[in-house]
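These notes are about the structure you will find just below.
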Amino acid sequence: MLPFLPASGLSAIAGDWYCGEQIMKRLVVLSGAGISAESGIKTFRDSNGLWENHRIEEVASPEGFASNPQLVLDFYNLRRRQLKEVSPNKAHQILFELEKEFDVQIITQNVDDLHERAGSTAVLHLHGELKKARSVHNNDKIIPWEEDLNWGDRDENGDQLRPHIVWFGESVPEMEKAVKLTSTADIFLVIGTSMQVYPAASLINYIQNHCEVFIIDPNLSNRHTKSEFFLKMPATEGMVELKKILQSKC
Ligand code: OAD
């Protein structure tokens with residue numbers, strides 16, 4: 001299999017799709033909490049603005065952490081423990097399967113590891129990862145963390161550790177990479193996100209004119225672009241449909 005050619009290189013080729021052959025189309029995916037909902041992980045905004053009985057700001061902001069660090073650590077400890085009880089669903093699995101025919105690049109807002117556990121090989125976590133911790137003094141000191149994280153847990157420099165999660169009001173270090181990926185997409189899929197959180201939601205502005213856009217969400221109805229294809233259904237069902245659509249074009 002030859003390496004991916006940038007989208008600009010494809011424009012010289014007649015309009016056929018090349019899937020799993022010499023040149024793969026680049027499928028860039030922006031996923032959100034909805035893709036993991038059928039695995040049993042609750043979304044953020046489907047329950048009265050409360051997230052597992054907490055206001056989002058209480059457990060997902062630097063101010064929340066400063067005012068009650070153990071509450072915040074416990075909150076993410078529960079989420080981390082929950083990862084051991086859930087499994088990737090059909091939607092995650094199909095995204096992995098599509099790697100046979102497409103150059104699949106996933107940009108996820110999710111902090112779970114279900115894309116990786118389904119086998120996906122290119123996953124960019126915009127909002128951090130539950131199974132990592134980092135120094136409260138140095139955002140670049142990130143270490144793997146599988147178990148509970150408590151006040152008093154320190155890195156090798158003696159710095160207190162915090163969850164490796166991008167909280168509200170913090171910068172999104174992976175955004176630049178996400179913008180670059182989006183601008184090279186031949187196909188862009190938005191799946192299971194309310195598109196309410198920026199800068200992630202702004203990625204849609206970076207797709208190029210030739211790019212085909214698909215949305216999978218059972219509830220959303222607002223249009224993001226002039227010509228997207230809307231699959232108003234749960235992620236697992238939507239991915240089965242999308243796979244058929246994409247393969248029919250190969
Ligand atoms: P939201 O909870 O805002 O949106 C979830 C979306 O998933 C909604 O549009 C639902 O309609 C849709 N949905 C629900 N069930 C679904 C299913 N079975 N299949 C497909 N879609 C389904 O979650 P996000 O958009 O991911 O940030 O939220 C973005 C960010 O806000 C999160 O990353 C998180 C949160 O604050 C941080 O924690 C930093």
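Remember, it's 1-based here, ligands and their atoms both numbered in the order they're listed. Position 1 is the first residue of the sequence, and the numbers go up from there.
At least one heavy atom of P218 sits closer than 4.0 Å to an atom of ligand 1. Ligand 1 does not have Q196 within reach: every non-hydrogen atom of the residue lies 4.0 Å or more from it.
For F168, the ring-ring contact (aromatic ring centres under 6.0 Å, His included) test picks out no residue, with sequence neighbours left out.
Both the backbone and the side chain of P234 come within 4.0 Å of ligand 1, counting heavy atoms alone. Proximity of Q109 to ligand 1, defined as any heavy-atom pair under 4.0 Å, is shared by backbone and side chain alike. At a 4.0 Å heavy-atom cut-off, ligand 1 touches V166 through the backbone alone.
Polar contact with ligand 1: absent for A60 (N/O pair, distance under 3.5 Å). For I56, no nitrogen or oxygen atom sits less than 3.5 Å from a nitrogen or oxygen atom of ligand 1, counting backbone and side chain alike.
Using a 30° and 60° split on the angle between ring planes, W167 and Y76 fall in the tilted class, from 30° to 60°.
Linking ILVMFWY residues whenever their side-chain heavy atoms come closer than 4.5 Å, directly or via other members, leaves F96 and L189 in distinct clusters.
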May I have the step-by-step check of salt bridge (Lys or Arg N to Asp or Glu O under 4.0 Å) for E147 and K84, ending in yes or no? CA-CA 10 Å; E147 303 302 331; K84 296 182 179 161; 3.0 Å; yes
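A salt bridge (Lys or Arg N to Asp or Glu O under 4.0 Å) check over residues 150-159, counting only residues at least two apart or in different chains, returns the pairs K141-E156.
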